[in-house]
Amino acid sequence: MFDVLIIGGGVSGVSCALILGSAKNKPFVTDKKIGIITHQKASSLQEALFNNAYGISAGKLGSEILVESVEHLQNSYPHIIQIEGEKAIRIDGEEGNFTITTNKNVYQSKLVVIGIGAGNPFTIDGLEEYVIPHQKVIPEKNRIQLNNTDHKVKDGIYVTGTLAGWRSQLSIAAGSGAAVATDILTLWNNGVHVQVHDSIKK
């Protein structure tokens with residue numbers, strides 16, 4: 001049983017995992033089991049080139065970021081369980097007891113974060129009732145999002161990045177994933193707000 005399982009190895013999913021991983025020494029996180037399904041084949045970063053993203057050198061390829069980000073996660077926070085080579089196809093259950101079915105295995109998790117792209121059709125069964133047209137993309141692009149309030153689809157299920165209704169910009173997607181991570185940390189901290197920072201003074 002995972003405490004949280006993140007679906008998607010793109011910008012928002014890995015950003016969420018990095019923030020959760022960095023909180024490992026907080027007393028309300030030390031016993032938490034965190035996982036991420038790092039499926040990246042459908043990521044829009046595969047063909048991206050970045051010249052306008054904060055903190056990223058001009059000319060950086062999205063395909064490089066995909067590889068480097070999961071390596072960063074593994075090297076800095078190896079306690080985060082990375083599940084490679086699997087694609088989520090169904091979610092069932094309720095907060096505290098979700099079943100996530102992939103093309104190869106079945107997992108249980110108390111919370112789920114969905115960080116896949118906004119392509120149509122939505123490829124994970126079980127959440128069809130929440131699929132709506134994307135609210136910040138021109139209709140001709142035929143993109144979708146999951147209906148949510150501040151990233152929360154329903155109790156226990158969060159959505160990040162473009163699938164949460166945000167525009168397709170790397171900085172926005174990364175911030176969306178980080179926001180969800182801090183919401184989850186706040187939940188684990190009994191509602192007391194949480195941010196996680198490192199400092200050269202420590």
Side-chain angles (χ1 to χ4, degrees), residues 1-26 29-46 62-93 95-119 122-124 126-127 146 148 151-153 156-164 166 170 173-188 194 196:
M1 172 70 78
F2 286 97
D3 289 280
V4 59
L5 183 60
I6 302 163
I7 299 172
V11 176
S12 67
V14 175
S15 177
C16 183
L18 286 167
I19 297 295
L20 291 175
S22 71
K24 64 184 185 302
N25 294 326
K26 292 189 178 292
V29 182
T30 54
D31 63 339
K32 297 296 189 284
K33 183 177 180 181
I34 303 165
I36 178 170
I37 299 174
T38 56
H39 188 269
Q40 296 180 327
K41 288 183 180 179
S43 174
S44 58
L45 263 67
Q46 295 288 2
S63 57
E64 294 173 327
I65 293 173
L66 285 171
V67 173
E68 293 168 3
S69 63
V70 292
E71 289 177 348
H72 175 188
L73 180 62
Q74 176 61 40
N75 293 334
S76 297
Y77 310 114
H79 65 288
I80 304 288
I81 299 167
Q82 292 194 33
I83 302 167
E84 301 177 7
E86 298 186 32
K87 183 178 181 181
I89 58 175
R90 185 170 184 85
I91 298 174
D92 297 289
E95 185 175 20
N97 188 27
F98 289 107
T99 299
I100 300 92
T101 304
T102 75
N103 57 328
K104 296 182 181 179
N105 290 295
V106 177
Y107 302 96
Q108 305 295 130
S109 186
K110 296 176 183 177
L111 302 173
V112 178
V113 176
I114 305 171
I116 65 173
F122 184 62
T123 57
I124 302 175
L127 298 175
L146 295 184
N148 69 91
H151 295 104
K152 193 172 187 179
V153 178
I157 295 185
Y158 299 84
V159 61
T160 61
T162 56
L163 192 63
W166 296 109
L170 183 144
S176 171
V180 168
T182 57
D183 286 346
I184 290 171
L185 292 172
T186 297
L187 177 69
W188 289 345
V194 177
V196 187

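Hydrogens, waters and symmetry mates play no part in the numbers below; they use all other heavy atoms, side chains included. In this chain, residues are counted from 1 in sequence order.
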- Item | Criterion side chain to side chain contact (heavy atoms under 4.5 Å, CB included) on I114 and V153, from CA distance to verdict | CA-CA 10 Å; I114 305 171; V153 178; 5.7 Å; no
- Query: Can I81 and K33 be said to form a side chain to side chain contact (heavy atoms under 4.5 Å, CB included), step by step?
  - Reply: CA-CA 8 Å; I81 299 167; K33 183 177 180 181; 3.5 Å; yes
From [X] atom [atom1] to [Y] atom [atom2], the distance as rounded to the nearest 0.5 Å:
| X | Y | atom1 | atom2 | answer |
| --- | --- | --- | --- | --- |
| T123 | H39 | OG1 | NE2 | 8.5 Å |
| L5 | F98 | CG | CZ | 11.5 Å |
| L18 | I80 | CG | CD1 | 8.5 Å |
| L163 | F122 | CG | CZ | 5.5 Å |
| I89 | K104 | CD1 | NZ | 12.0 Å |
| K32 | H79 | NZ | NE2 | 12.0 Å |

[X] versus [Y], closest heavy-atom pair with distance:
| X | Y | value |
| --- | --- | --- |
| C16 | V180 | SG-CG1, 4.2 Å |
| S176 | G161 | OG-N, 2.8 Å |
| H151 | W166 | NE2-NE1, 3.0 Å |
| E95 | L111 | OE2-CD2, 4.0 Å |
| S15 | A178 | OG-N, 3.5 Å |
| I37 | E86 | CG2-O, 3.3 Å |

- Please assess L185 against I19 for the test side chain to side chain contact (heavy atoms under 4.5 Å, CB included), listing each intermediate value before the final yes or no. CA-CA 9 Å; L185 292 172; I19 297 295; 4.2 Å; yes
- Is there a donor-acceptor pair under 3.5 Å between the side chain of T186 and the backbone N or O of V194? yes
- Message: Treating S69 as the side-chain partner and L66 as the backbone partner, does any N or O pair qualify as donor plus acceptor under 3.5 Å?
- Response: yes
- Can you establish whether the number of heavy atoms outside E68 located under 6.0 Å from its atom CD is more than 12?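 More than 12 heavy atoms, drawn from other residues, nucleotides or ligands, come within 6.0 Å of this atom.
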- Around atom CH2 of W188, are there more than 12 heavy atoms of other residues, nucleotides or ligands at under 6.0 Å?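 Buried by this count: over 12 neighbours within 6.0 Å.
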- Residues T99, R90; criterion side chain to side chain contact (heavy atoms under 4.5 Å, CB included); working and verdict: CA-CA 8 Å; T99 299; R90 185 170 184 85; over 6 Å; no
Side chain to side chain contact (heavy atoms under 4.5 Å, CB included) partner of [X], the single match among [options]:
| X | options | answer |
| --- | --- | --- |
| I7 | T160, T38, I100 | I100 |
| F2 | V112, I36, I83 | I83 |
| V113 | I184, V159, L20 | I184 |

- Residues that K110 engages under salt bridge (Lys or Arg N to Asp or Glu O under 4.0 Å), provided they are two or more places apart: D3
- Do V196 and K26 come close enough that some side-chain heavy atom pair is under 4.5 Å?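 Yes. Closest side-chain heavy atoms under 4.5 Å.
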